[in-house]
Amino acid sequence: MLHRREFIRTASAFAGSALLLPAAFGGCAVKPEFAMTAQAADAMDEALTLMAKFAPLGNHAPMAVESLIALGRADRAIPFIEKYEKRFNVGHPAAVSPITTSNWKEALGRGERNLDWVNFFKRQLTEADWKPVVEEWAGILAPGLCAAAGHGVIRTCHALRSLSNRQTNLRLNELAEGLGYWAAYYQPLPESSVRPVEAFSLPDAVKRVPMLPDDKRRRGSIMDQLRALDDFAAFGDVINSVKVSGKADAVISQLTEVFVRVYLERVTPANDLILIHAVTATSGIRSLLPYLTPETTDRVLRYGWQTAAALLSISGDHPAVQRALEPELKIEDLTDRAVSSNEEHAIKFTEACIREQRLNPNPIYQQAATDAVRRLPRH
């Protein structure tokens with residue numbers, strides 16, 4: 001079983017993968033997933049200006065705002081920030097000492113170094129072309145993809161999708177925030193060095209994810225709950241349990257479909273946000289793929305699977321009480337309901353489900369988003 005110290009020592013050495021995934025994107029010119037109008041692009045930059053004073057830890061606002069714009073609701077960006085700011089009162093952490101290309105390993109996974117990491121990436125992204133920086137650090141940070149319950153990679157990916165539409169200093173700074181968040185809260189999960197005799201398809205593998213026993217579970221943040229897996233030897237085999245073939249975008253469709261189904265089958269009031277993150281993290285990786293080499297693509301997808309499986313392991317021990325699903329809302333009504341809720345997870349999850357259903361026509365995405373907007377609170 002590999003633990004934190006060993007991960008940090010080997011973070012820049014890419015491990016072999018059980019995922020068989022020919023990379024389809026590396027090195028290609030990136031076409032924006034959706035075209036921002038000039039008005040929407042201006043709204044994004046105005047929103048980033050207003051959010052610059054927000055502390056990074058726990059700050060969902062940039063991700064939610066980018067999702068609002070992807071949903072075609074740029075008009076709601078500024079009103080969302082005004083309401084969110086009243087609920088968001090985390091102080092901004094102070095810088096400790098500069099991180100450099102020679103001392104970064106000692107700062108990996110150190111939450112108190114968040115601002116140091118953000119400043120490091122601001123320098124990295126402005127001193128040279130930002131795309132190779134993304135490729136390099138996605139590979140280094142992949143084993144800690146569950147950082148901050150997946151929010152590090154999710155925020156990074158929202159920033160990348162925004163950058164693909166328009167490159168501005170504000171958007172580069174937001175990318176630095178995402179990468180800095182990912183590095184500061186880098187959290188590797190256990191992985192066995194023993195290769196299984198048999199690997200499974202994703203639908204079969206997810207049924208074999210070992211559930212963390214009740215006596216090992218922890219209270220507190222999702223990050224604290226995930227740390228309980230360090231003492232759960234059975235989880236170490238999960239990373240090598242999947243065999244997937246096909247193009248990377250198709251793999252993302254498989255991952256999101258599997259974990260949307262998990263959400264619908266196992267969601268309760270106690271685990272709804274945890275299971276939502278399993279979907280938004282894996283869907284978000286789509287925005288990262290265009291900047292990755294084949295090797296890094298395989299690596300990120302491998303740890304994306306592990307992260308989603310970990311979120312299931314700590315929260316999905318029993319299927320929810322079987323219930324008849326209410327008819328799903330129409331896309332327009334679903335969007336309106338999510339937007340009007342001003343709830344960041346409802347907005348992000350709805351946008352991710354609509355995005356995935358557009359690429360993989362399956363009503364299960366719409367059903368899951370409908371459940372979430374009815375379940376989550378309104379602000």
Could you check whether any side-chain N or O of [X] sits under 3.5 Å from a backbone N or O of [Y], counting only pairs where one atom can act as donor and the other as acceptor?
X: Q187; Y: M223; answer: yes
X: T307; Y: G304; answer: no
X: T256; Y: V279; answer: no
X: R113; Y: A107; answer: no
X: K216; Y: D231; answer: yes
X: T370; Y: Q366; answer: yes
X: E46; Y: I78; answer: no
X: D116; Y: V96; answer: yes
X: Q225; Y: G220; answer: yes
X: R217; Y: L212; answer: yes

Show the nearest heavy-atom pair for residues [X] and [Y], with the distance to one decimal.
X: R299; Y: A142; result: CG-CB, 3.9 Å
X: R355; Y: S287; result: NH2-OG, 2.7 Å
X: I347; Y: A338; result: CG1-O, 3.4 Å
X: R266; Y: N271; result: O-ND2, 3.0 Å
X: L125; Y: A176; result: CD1-N, 3.6 Å
X: V300; Y: A138; result: CG2-O, 4.0 Å

Between [atom1] on residue [X] and [atom2] on residue [Y], distance to nearest 0.5 Å:
X: C157; Y: M63; atom1: SG; atom2: CE; result: 11.0 Å
X: S162; Y: Q167; atom1: OG; atom2: CD; result: 11.0 Å
X: L175; Y: K122; atom1: CG; atom2: NZ; result: 11.5 Å
X: E344; Y: L68; atom1: CD; atom2: CG; result: 11.0 Å
X: I239; Y: S193; atom1: CD1; atom2: OG; result: 13.0 Å
X: E177; Y: W182; atom1: CD; atom2: CH2; result: 15.5 Å

Going by the ring pair (Phe, Tyr, Trp, His ring centres under 6.0 Å) test, which pairs reach into residues 155-177, not counting sequence neighbours?
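Checked against ring pair (Phe, Tyr, Trp, His ring centres under 6.0 Å) - neighbours excluded - no pair reaches residues 155-177.
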With sequence neighbours excluded, give me every ring pair (Phe, Tyr, Trp, His ring centres under 6.0 Å) pair touching residues 204-225.
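Residue pairs with at least one partner in residues 204-225: there are none.
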Qualifying residues under ring pair (Phe, Tyr, Trp, His ring centres under 6.0 Å), relative to F121, sequence neighbours excluded:
W117, W137
What residues, two or more places apart in sequence or in another chain, satisfy ring pair (Phe, Tyr, Trp, His ring centres under 6.0 Å) together with H151?
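Once residues adjacent in sequence are excluded, the partners of H151 under the ring pair (Phe, Tyr, Trp, His ring centres under 6.0 Å) criterion are H60, H277.
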Side-chain contact, heavy-atom cut-off 4.5 Å: [X] with [Y]?
X: L311; Y: F259; result: no
X: N173; Y: L48; result: no
X: L108; Y: L141; result: yes
X: Q367; Y: I364; result: yes
X: R166; Y: D42; result: yes
X: V134; Y: T156; result: no
X: S341; Y: V373; result: no
X: R155; Y: N59; result: yes

In one Ile/Leu/Val/Met/Phe/Trp/Tyr side-chain cluster, 4.5 Å: [X], [Y]:
X: L273; Y: L264; result: yes
X: M211; Y: V258; result: yes
X: V260; Y: L359; result: no
X: V153; Y: L172; result: yes

[X]: what forms a side chain to side chain donor-acceptor pair (under 3.5 Å) with it, not counting sequence neighbours?
X: S102; result: T100
X: E112; result: R110
X: R123; result: none
X: E257; result: N360, N362

Using the rule given for side-chain contact (heavy atoms from CB on, under 4.5 Å), can you reason through E136 versus T296, listing the C-alpha separation, both sets of side-chain angles and the distance that settles it, and then say yes or no?
CA-CA 8 Å; E136 177 185 10; T296 306; over 6 Å; no
Going through the checks in order, is the side-chain contact (heavy atoms from CB on, under 4.5 Å) test met by L255 and I285?
CA-CA 11 Å; L255 281 167; I285 291 171; 5.9 Å; no
Walk me through it: do L145 and Q306 pass the test side-chain contact (heavy atoms from CB on, under 4.5 Å)?
CA-CA 9 Å; L145 195 140; Q306 187 198 43; over 6 Å; no
What residue pairs, at least two apart or across chains, pass salt bridge (charged side-chain N to carboxylate O under 4.0 Å, His left out) with a residue in [range]?
range: residues 275-288; answer: R286-E356
range: residues 327-342; answer: R73-D336
range: residues 202-211; answer: none

Look at the rings of Y185 and Y181 and say which category their plane angle falls in: under 30° parallel, 30 to 60° tilted, over 60° perpendicular.
perpendicular
Take a 6.0 Å sphere around CG of D75 and say whether it holds more than 12 heavy atoms from other residues, nucleotides or ligands.
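Count over threshold, so yes.
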Verify the neighbour count for atom CD of E127: are there more than 12 heavy atoms of other residues, nucleotides or ligands below 6.0 Å?
yes
Take I252 and L289 through the side-chain contact (heavy atoms from CB on, under 4.5 Å) test and state the conclusion after the steps.
CA-CA 10 Å; I252 295 294; L289 294 177; 4.1 Å; yes
Mind checking side-chain contact (heavy atoms from CB on, under 4.5 Å) for A205 and listing every partner two or more places apart, or none if nothing turns up?
F200, S241, V242, W305
Taking 4.0 angstrom as the limit, do D45 and R171 come out as a salt bridge?
yes
